[in-house]
Number of protein chains: 2
Amino acid sequence: MRPGPRRSLTHAEILAAAFELLEAKGFDAVSVRGVAGALGLTPTAMYTYYPNKQALLAGMVEQVFGRLAIATTAADASGSSAAEGVAGARARVLALATALRDLLVDRPGAVGLLLATPLDGPNATRVDEELLAAFTSGGLDLAAADRATHAVRVHVLGAVAFDAARAARAVEAAVQPEAPAAPSETLWDDLESFPLADRSRELDDDPVERFAWGVERLLDGLLVPAPDR
Amino acid sequence: MRPGPRRSLTHAEILAAAFELLEAKGFDAVSVRGVAGALGLTPTAMYTYYPNKQALLAGMVEQVFGRLAIATTAADASGSSAAEGVAGARARVLALATALRDLLVDRPGAVGLLLATPLDGPNATRVDEELLAAFTSGGLDLAAADRATHAVRVHVLGAVAFDAARAARAVEAAVQPEAPAAPSETLWDDLESFPLADRSRELDDDPVERFAWGVERLLDGLLVPAPDR
DNA sequence: ACCTGAACACCGTTCAAGT
DNA sequence: ACCTGAACACCGTTCAAGT
């Protein structure tokens, strides 16, 4: 097994190896060298498939959005979310947002993926198109639909980033349970009391419900209320 | 200049050097070695101040939230945003969100900072406290205020992440204007047409206005409409 | 076209040692 | 306590060379 054009890998195979690494060892493990190693390649061979690491990550993002498109069109075909008007628009956006969250939230480092790329591939654009269609069918003109789409995109991205970062830290803490969290940190010296924040910390809200609630409230502001609501 | 306990740096001096690096060369330049070098230290000396890189980044995040607290309390003292009721709550949240965006958006990589840390330092908690106070004064109970606070936090984080990532890529492209963006990418083969997405891409919305609009719409959903509105 | 091997300029972190 | 110097196990990327 030396030089020569032995076998030729497909992008799908490379991305599959990259996602395996992402799932198993987190975002930092998705390195050019790491993916190459998992495929039995030299790091430099990767550069015949992708011009740089960014392009590899962009390919992964596109694949995630591709799965999302499949998941939501399947749901559309068998569900009632293709309904017209504000209620239909609401249901379609909520379904898209939830599906996107489901795809990202338990993949450590998937957010790093999203931030590393422009989100302008065809599959990402397809999701935009679906959101824009939902909002225009909900009565918004294109300019408002564009802003609404961006608001949803941004909200979901932020929510997933938040939950994923928390989950990643939890995994990390479980692997290395050394520092017992030092109850009173000496790094910050000026202690204050935050009555509301302290009490809210004990609420322990369910992340899934909290996410859905946030998207619903955003939709309350983005879409005029449905007549039947 | 060799070993020995010559001078002792303060955390403030170290963080100042770190922020200089962040501003000048982006998030990737904020390395343990880089900051140490800027201070005339050996990388290993950094570990007497912070147990690891995470702690350094957490210190930077706390400082950003500290500036935010100062900026908004100053605005509160001289402005009308301390008004009561829904309108006052609305104004306070919008002011906080805008101030946070202003602090983060043109610092390349500041978002990486936020995602790298738990956002549980005292200054970050103070911002939470202010948001919770605004929402409870707007008529929400603590559980609802907690969810509303999280929704705002998530929305701002996502929006800043999005705009900052775009800006970072623009800077990068300006520094290295080699690849002419290849009008028809060969990486993605199945071309489709996205009429709405294509048209919306030409809108070229102002990011600042778009952000404010999004936060306002979110607030529309979070707070019941003011009587005078 | 696809791949290797060596190299360059970096990382975070640890360890033993100096003052 | 604060710091250095050497070292370990990594990065992304480039370049010359092989088939």
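Each chain gets a letter, A, B and so on, in the order the sequences are listed, and its residues count up from 1.
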A:Tyr50 OH to C:dC3 P: how many Å, rounded?
13 Å
When both distances are under 3.5 Å in a Watson-Crick or G-U wobble arrangement, the nucleotide paired with C:dG12 is D:dC8
Strictly by Watson-Crick or wobble contacts shorter than 3.5 Å, is anything paired with C:dC2, and which nucleotide is it?
D:dG18
Is it true that a side-chain atom of A:Glu129 and a backbone atom of B:Leu196 form a donor plus acceptor pair closer than 3.5 Å?
yes
Please tell me which of the listed nucleotides, D:dG5, D:dG12, C:dT13, lies nearest to the side chain of B:Thr42?
D:dG5
Spacing of the C1' atoms in D:dC10 and C:dC8 (rounded, Å):
15 Å
Mind checking if A:Thr44 touches a base, just sugar-phosphate, or nothing, with heavy atoms under 4.0 Å?
base
Thinking salt bridges, do B:Arg210 and A:Asp146 make one under a 4.0 Å N-O criterion?
no
Nearest to the side chain of B:Thr48, which nucleotide is it out of C:dC2, D:dC3, C:dT13?
D:dC3
Under-4.0 Å side-chain N/O to phosphate OP1/OP2 contact, B:Tyr47 with C:dG12
no
At under 4.0 Å between heavy atoms, what does A:Ser31 touch on the DNA or RNA strands: base, sugar-phosphate, or nothing?
sugar-phosphate
In terms of relative ring orientation, are B:His155 and A:His155 parallel, tilted or perpendicular, with 30° and 60° separating the classes?
tilted
Could you state the NZ-P distance from B:Lys25 to C:dC10, rounded to the nearest angstrom?
9 Å
In whole angstrom, give the distance that lies between atom NE2 of B:His11 and atom C1' of D:dC2.
13 Å
Looking at A:Asp128 and A:Arg153, is there a salt bridge between them, counting it only when a charged N and a carboxylate O are closer than 4.0 Å?
yes
Considering every strand and a 4.0 Å limit on heavy-atom distances, what is the contact class for B:Asn52: base, sugar-phosphate, or nothing?
sugar-phosphate
If you check every side-chain atom of A:Arg33, which of C:dC11, C:dT4, C:dA7 has the closest atom?
C:dA7
D:dC2 and C:dA16, which share atom name C1', separated by this distance in whole Å:
15 Å
